[in-house]
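To keep things clear, I will list the structure first and then write my remarks on it.
Only a predicted model underlies this, so the values are computations on that prediction, with no experimental measurement involved. Protein chains get the first letters and strands the later ones, always in sequence-line order, with residue 1 at the start of each.
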Amino acid sequence: MVSKTMVVRAEEGLHMRPAGVIAREAGKYDSNVSIVVGDKKINAKSLVNIIAACIKKDAEITFECDGPDEEEALAKMVELEAENFGD
Amino acid sequence: MYKGIAGSEGIGIGKVVIIEEHEVVIDDRTISDTEAEINRVREGIEKFVADTTAMADKMEATVGAKDADILRGHIMLLQDPTIEEQIVDLINNEKVNAEKALDQVLEQTAELFSQIPDELLQQRATDLRDIKGRILKILLGIEEQDISDVPEGTVLVARDLTPSMTAGIIPEKIAGVLTEVGGRTSHSAILARAMEIPAVLSIEAICSQVKNGDTVVLNGTTGEAIVNPDEETIAVYEKMLEDYRKERELLKQYTGKPTVSKDGTKVELVCNIGKPEDAKKAVECDGEGIGLFRTEFLFMDRDAIPTEEEQFEAYKSVAETMAEKPVIIRTLDIGGDKEIPYLGLEKEENPFLGFRAIRFCLQRRDIYETQLRALVRASAFGRIKVMIPLVTGVDELRQVKAIVADIMKEYDAAGVEYNKKLQIGVMMETPAACLMADVLAKEADFFSIGTNDLTGYTMAVDRGNAKVAYLYSAYNPAVLRAIKRIIECGKQEGIMVGMCGEAAADPKLIPLLLAFGLDEFSVSATSVLRTRKNISENDSAQCRELADKVMQCTTEEEVLNILTK
């Protein structure tokens with residue numbers, strides 16, 4: 001398993017648009033992709049779960065990828081974060 | 001006449017088309033062929049995605065990309081793998097049919113969202129219920145009414161306008177909208193405003209009060225609608241519609257322009273707001289800042305005092321929304337006339353003369369310090385200024401400044417960022433403050449005249465008491481003298497003087513205020529363009545001449561005689 005911790009910079013947090021980008025991209029990998037925030041672990045392939053976690057700007061999140069293409073999946077998530085998840 | 005919520009400005013005249021809501025009946029049968037049921041769900045989702053994509057494309061053309069994205073979001077929500085997983089599990093394990101499984105899973109998810117106290121998530125819950133309704137209709141083979149087909153001059157009447165319905169609207173054909181539910185911040189209202197269609201929302205049972213083809217007139221500015229009005233009424237509304245269109249055209253040319261008088265004197269034109277989200281409206285309406293942000297609402301309708309963090313977030317969000325524009329935030333203005341149980345305020349004989357506003361705050365340091373700490377911290381994120389209400393003397397101002405200085409010292413030590421030049425000003429609304437204005441101006445960073453209370457306190461009148469309400473008038477020479485004195489004292493010391501009462505938007509008073517030298521006019525967001533136009537039509541020299549005449553007047557009647565000429 002590989003992971004990376006980052007701080008959410010998107011203005012309105014992980015609301016509809018950024019959450020949608022994450023779920024869509026995470027869904028393209030065979031590995032499990034999760035977001036850990038506080039003591040919760042969320043399936044990053046599920047838009048509903050990301051939105052329900054109500055992750056705000058400045059929150060610290062960790063992406064965890066586990067599976068055959070975990071390196072690629074994590075690299076993609078880091079790349080998305082650099083673009084503020086399309087926000 | 002029906003009264004509702006003014007959802008979207010404007011006048012509408014047209015014929016009713018009721019948007020029927022087909023009742024979705026889910027039968028509760030158990031099934032044996034689970035594979036077939038799962039396929040039905042998948043096919044339903046496919047059709048939903050195709051239909052919704054088409055709707056979103058249409059909507060992008062009529063309303064805009066942002067609203068089309070709401071619909072595209074619906075597709076993403078429904079395509080969520082966990083949703084499908086749950087539906088498939090339900091069908092396999094409980095042998096329920098496709099409709100029942102979809103209904104249950106989407107309702108559960110909506111319920112999950114609506115339990116979290118976050119405005120965006122509440123909206124998502126509404127979205128999910130809209131999605132649920134639509135996909136169930138697809139599964140049950142119920143055709144939705146095609147709104148794009150209605151004749152020109154239609155007034156749509158519906159229980160609620162869902163985003164999917166709105167997608168079919170061709171704005172040129174729709175004269176107005178009436179609904180049974182929804183408030184000013186609902187999807188229906190936002191979409192109606194985006195399409196500039198007048199709308200009155202939350203009219204009880206309106207769908208059963210009208211028939212298709214009925215004539216309706218509605219006023220989306222006041223929230224009124226009349227069904228089958230007489231010819232006279234129709235004529236009145238036709239005139240109103242024409243005036244409204246003309247005025248809007250006229251006012252449009254003032255958007256994005258600076259606020260200057262005819263001879264080029266520049267003043268600031270800002271907005272009064274009561275909630276953080278109103279700041280967006282101030283920006284939309286072209287306000288140049290916030291002249292009064294009332295913080296009371298943060299304390300109302302709850303069980304405990306808002307934490308420093310909650311307040312900080314609220315103040316910061318307004319400062320950030322307004323970007324580089326000034327934001328004057330008034331500290332807690334509360335007293336025995338407002339029901340806030342957890343503050344333990346006693347009922348008073350004379351609440352307006354009693355334990356309220358800054359008097360209350362200076363004795364309840366715990367509450368006040370929390371607010372000031374949040375304000376000082378938020379000052380790092382924009383151009384926040386702090387305003388103290390109900391000041392009667394300079395000692396109150398000094399006490400507040402001392403508390404703020406202590407907070408700043410503490411923040412310095414802790415390395416917390418804030419604006420070191422944070423301005424602290426006085427709301428000028430008592431005769432005492434007016435009489436001491438020369439002294440206050442030496443220590444305050446700015447003045448803002450609250451004409452509503454200044455009028456009440458100067459005239460010693462309760463505007464709610466019909467027997468004496470006639471005395472409540474900003475045109476009274478006593479009130480005008482008070483206003484003039486406050487502005488002059490402020491100018492003397494070179495501080496900014498603004499006005500955040502109703503008088504600032506009064507076309508009769510604007511020439512006087514310009515003549516006295518008022519720097520800042522704070523009005524409701526919807527009055528911004530109108531006020532900018534009024535100001536632009538005044539010439540400073542003529543205003544001064546008019547003011548000289550008005551200030552010679554001895555009675556309100558004489559004042560009004562001159563001002564209405």
Side-chain angles (χ1 to χ4, degrees), chain A residues 7-61 63-67 69 73 76-77 80 83-87, chain B residues 49 56 65-87 105-129 131-132 163 187 276-277 280 309-310 312-314 316-317 319-321 323 377 381:
Chain A
V7 172
V8 175
R9 291 173 301 159
E11 250 337 287
E12 291 195 49
L14 298 189
H15 69 103
M16 202 68 186
R17 196 194 306 260
V21 170
I22 294 171
R24 189 183 64 223
E25 293 301 324
K28 291 179 182 166
Y29 296 91
D30 293 327
S31 303
N32 288 323
V33 183
S34 326
I35 301 173
V36 181
V37 56
D39 51 6
K40 281 180 292 189
K41 187 165 174 171
I42 303 149
N43 178 359
K45 295 181 183 181
S46 164
L47 172 62
V48 169
N49 291 9
I50 302 175
I51 292 178
C54 209
I55 299 166
K56 297 289 179 194
K57 182 173 188 263
D58 298 330
E60 199 179 84
I61 58 170
F63 277 102
E64 286 184 5
C65 304
D66 191 8
D69 49 6
K76 185 72 195 175
M77 292 303 125
L80 292 177
E83 297 158 0
N84 258 338
F85 305 110
D87 199 28
Chain B
V49 171
K66 224 175 147 189
D67 298 292
D69 278 349
I70 298 176
L71 284 172
R72 297 202 175 102
H74 287 184
I75 300 174
M76 295 200 296
L77 280 171
L78 191 60
Q79 283 181 325
D80 190 308
T82 59
I83 298 254
E84 192 177 309
E85 209 174 287
Q86 287 177 66
I87 292 171
V105 170
L106 290 176
E107 184 54 40
Q108 266 170 10
T109 313
E111 195 49 39
L112 173 78
F113 282 5
S114 55
Q115 274 165 9
I116 302 167
D118 181 279
E119 205 192 333
L120 287 172
L121 278 172
Q122 307 287 334
Q123 280 174 26
R124 296 293 86 81
T126 313
D127 289 347
L128 276 168
R129 294 195 169 109
I131 296 170
K132 189 185 80 178
H187 265 324
E277 47 282 21
K280 290 190 187 118
E309 202 55 33
E310 275 176 76
F312 166 72
E313 285 299 333
K316 177 177 163 226
S317 89
E320 288 185 334
T321 304
R377 255 171 76 205
F381 297 89

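Proximity to chain A is absent for every atom of B:Gln79, based on heavy atoms less than 4.5 angstrom apart. Looking at B:Leu128, neither its backbone nor its side chain comes within 4.5 Å of chain A, counting heavy atoms on both sides. Contacts of B:Leu77 with chain A are made by both backbone and side-chain atoms, with heavy-atom separations under 4.5 Å. For A:Ala52, the parts lying near chain B are the backbone and the side chain together; criterion is any non-hydrogen pair under 4.5 Å.
Chain A forms the most heavy-atom pairs under 4.5 Å with one residue out of B:Leu121, B:Thr109, B:Ile116, and that residue is B:Leu121.
Here the shortest heavy-atom pairing between A:Ser46 and B:Thr82 reads OG-OG1, 3.1 Å. Contact detail for B:Arg124 and B:Phe113: the closest heavy-atom pair is CB-CD2, 3.4 Å.
Using modelled atom types, one side-chain atom of A:Lys45 and one backbone atom of A:Tyr29 make a donor-acceptor pair closer than 3.5 Å. Checking side-chain atoms of B:Gln86 against main-chain N and O of B:Pro81 turns up no donor-acceptor pair under 3.5 Å.
Between B:Phe312 and B:Phe381, the two ring planes are perpendicular [angle over 60°; tilted spans 30° to 60°].
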